[in-house]
Amino acid sequence: MPLWKILMERINYIEVKDLAQKIGTPFYLMHPDKYRKNISAFISAFQKRYSRIIAGYSMKTNFVPALCEIAKAMGCYAEVVSEMELDLAVKLGFENIIFNGPIKAEGALLKAISHHAIINLDSEYEVDFMCKYKNENPAIDLMVGLRVNVHLTDEKGNSTVQCGLREGRFGFAHDILSNNINRLRNAGIKIVSLHGHTSSSDRAVQNYRIISDYMLSICEEFRLDDLQYFDIGGGFFGAAPEGLDLKGKPLYEDYANAVLDMVLKNEWFQHRQPTIVIEPGSSVVSNVFTYYTKVYQLKHIGSKDFVMVDGSIFDVKPTMHCNNLPHRILSDNRDGACGVFDVVGSTCMEKDIILHDVELNKIKAGDYVEINGVGAYTIALTPTFINYLAPILSIENGEKTLVRRRQMIEDIITIYR
Ligand SMILES: Cc1ncc(COP(=O)(O)O)c(C=O)c1O
């Protein structure tokens, strides 16, 4: 997008000040247009070459109901990994649900069956449950999916599984697949989905070649001829906020082409033509939320200059990593201090440092700090800690809708009664 357009579309100081007067600070803005654009761009990257593609929006990444409802309206499936998320998907009216996750209690599995969810089994106890259920309910046409454990490596053979782990723990290891597939088949249960999600530390395109290749080999080895869903999972890069260095980062097309190059030349795949499922989370939602916090005080202590704000690190990076997120100061530009500052939060914890050693111009009390790219694993992970949860305003075509109000004392007390 040209710079002038980005600048035109950006919210300005007057608008933020106006919102702050109405709903207080800190607050989030949600940008539905960006979310829609990301989802359609990801889907069309596949559809250019293969029409059978479904996006299952990963609700754990950000479960703000107004956001999930957009995904639903766009035809996405809800990808859920717990009973809580399953309940939310049902409550929001999703008709199509993918139920993943390593631990699924019996009650949750029963609910998922009754909602005709695609249930991707992760462990043998789930196979036990399904076989028992089918035995007790022979008239029910039971269909399941299987998550396979995929080992990801880079070109040097080093593991690229999240956190550099040697082994990820999710899904069925190859040595127990045969037994479990046979048990399901013998019980009369169809295997309609194969799931290969594997979180990586590098989100590299190569990982999806490995995942697709392994999944194809499983389809062939075990003749999974009932398969309808070829689910490569999530963990992609994308939806980068403005200000992030994108050199060498993959595009949606890069992932789509890597997967399609592999599967479209495979005979089994050509013959069966299953629907490819992607489960995007961060890659469609990271840049959909921005955060605004107000400067209360500048402080100089020893060798350090601090900008003290009313927000907190828990609102923007609850995992407390040390990377500075893209940011911007909104001010009247009249005067203020210049220099290198730590922007620090309001939680009375020393490590509540929102931005480390950032160069700021003309900063003063009353200004606002905008933090970009807080859409993924932020709002869902923010605890009620010291402060009330901040409100979220959805902003589209100049129209603003409050999609979460600020938390109140009643919200906090009710759960303890
Ligand atoms: C099964 C599954 N699908 C999709 C995702 C979404 O991943 P991301 O937000 O990295 O795209 C995750 C995240 O861990 C996951 O576990």
Side-chain angles (χ1 to χ4, degrees), residues 35 38-39 41-43 45-46 53-64 67-68 71 76-86 88-89 94 96-104 108 112 117-123 126 144-150 152 160-163 165 168-172 193-205 207-208 211-212 215 229-241 249-252 254-256 259 276-289 317-319 321 373-381:
Y35 185 57
N38 295 336
I39 292 179
F42 212 160
I43 291 176
F46 279 88
I53 169 82
I54 285 171
Y57 171 60
S58 159
M59 286 182 52
K60 78 180 84 50
T61 312
N62 185 325
F63 64 79
V64 168
L67 182 80
C68 298
C76 292
Y77 286 29
E79 189 270 328
V80 304
V81 293
S82 69
E83 186 163 5
M84 181 278 271
E85 291 186 357
L86 177 62
L88 184 57
F94 274 95
N96 297 304
I97 299 174
I98 304 166
F99 189 23
N100 295 326
I103 299 295
K104 307 178 186 79
I118 302 166
I119 307 173
N120 288 317
L121 310 180
D122 195 283
S123 292
E126 294 170 74
V144 297
L146 283 180
R147 178 166 177 177
V148 285
N149 185 280
V150 188
L152 297 179
T160 56
V161 176
Q162 198 172 45
C163 308
L165 295 173
R169 68 177 178 279
F170 303 115
F172 288 82
S193 165
L194 195 64
H195 184 220
H197 173 86
T198 314
S199 295
S200 70
S201 43
D202 59 3
R203 298 180 185 266
V205 172
N207 297 329
Y208 296 87
I211 291 170
S212 307
M215 286 172 62
Y229 304 103
F230 189 87
D231 185 340
I232 59 171
F236 309 96
F237 181 81
K249 298 285 188 200
L251 304 170
Y252 297 142
D254 298 327
Y255 294 114
V259 173
I276 296 176
V277 180
I278 52 171
E279 297 175 349
S282 316
S283 58
V284 293
V285 80
S286 291
N287 66 352
V288 175
F289 287 75
K317 42 178 189 177
T319 55
H321 61 75
V374 297
Y377 303 104
T378 304
I379 289 163
L381 282 171

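Just follow the structure's listing: the first ligand is 1, and inside any ligand the first atom is 1. No hydrogens, no waters, no symmetry mates; every other heavy atom, side chains included, goes into these values. Numbering of residues begins at 1 and proceeds along the displayed sequence.
At least one N or O atom of Gly235 sits closer than 3.5 Å to an N or O atom of ligand 1. For ligand 1, the polar-atom distance check finds an N/O of Glu279 within less than 3.5 Å of one of the ligand's N/O atoms. Between Gly281 and ligand 1, at least one N/O pair is under 3.5 Å apart.
For the pair Phe94/Tyr57, no side-chain contact is recorded, criterion being any heavy-atom separation below 4.5 Å from C-beta on. With contacts defined as side-chain heavy-atom distances shorter than 4.5 Å, the pair Phe237/Tyr255 qualifies. Asn62 is not listed as a side-chain neighbour of Thr378, based on a closest heavy-atom distance of 4.5 Å or more. Residues Val277 and Phe230 fail the side-chain proximity criterion, which asks for heavy atoms closer than 4.5 Å. Side-chain contact between Ile54 and Asn96 is absent, with no heavy atoms from C-beta onward closer than 4.5 Å. Side-chain contact check for Leu194 versus Asp231: every heavy-atom pair is 4.5 Å or farther apart.
Residue contacts with ligand 1 include Tyr377, since one of its heavy atoms falls under 4.0 Å from the ligand. Residue-ligand proximity: Ala376 is placed with every non-hydrogen atom at 4.0 Å or more from ligand 1. Within the structure, the closest approach of Ser199 to ligand 1 falls below 4.0 Å when heavy atoms are considered.
Salt bridge Lys60/Glu85: absent, no basic N to carboxylate O contact under 4.0 Å.
Of all the atoms in ligand 1, the ones that sit under 4.0 Å from a non-hydrogen atom of Glu79 are 1 (C), 2 (C), 3 (N), 4 (C).
Nearest heavy-atom pair, Ile379 versus Val64, reported as atom, atom and distance to 0.1 Å: CG2-CG2, 4.1 Å.
Of the protein's heavy atoms, Arg203 NH1, 2.9 Å lies nearest to atom 10 (O) of ligand 1. Closest to atom 12 (C) of ligand 1 among all protein heavy atoms lies Lys60 NZ, 3.2 Å.
The proximity of Ser282 to ligand 1, defined as any non-hydrogen pair under 4.0 Å, involves the side chain as well as the backbone. With a 4.0 Å heavy-atom cut-off, ligand 1 is reached by the side chain of His197 but not by its N, CA, C or O.
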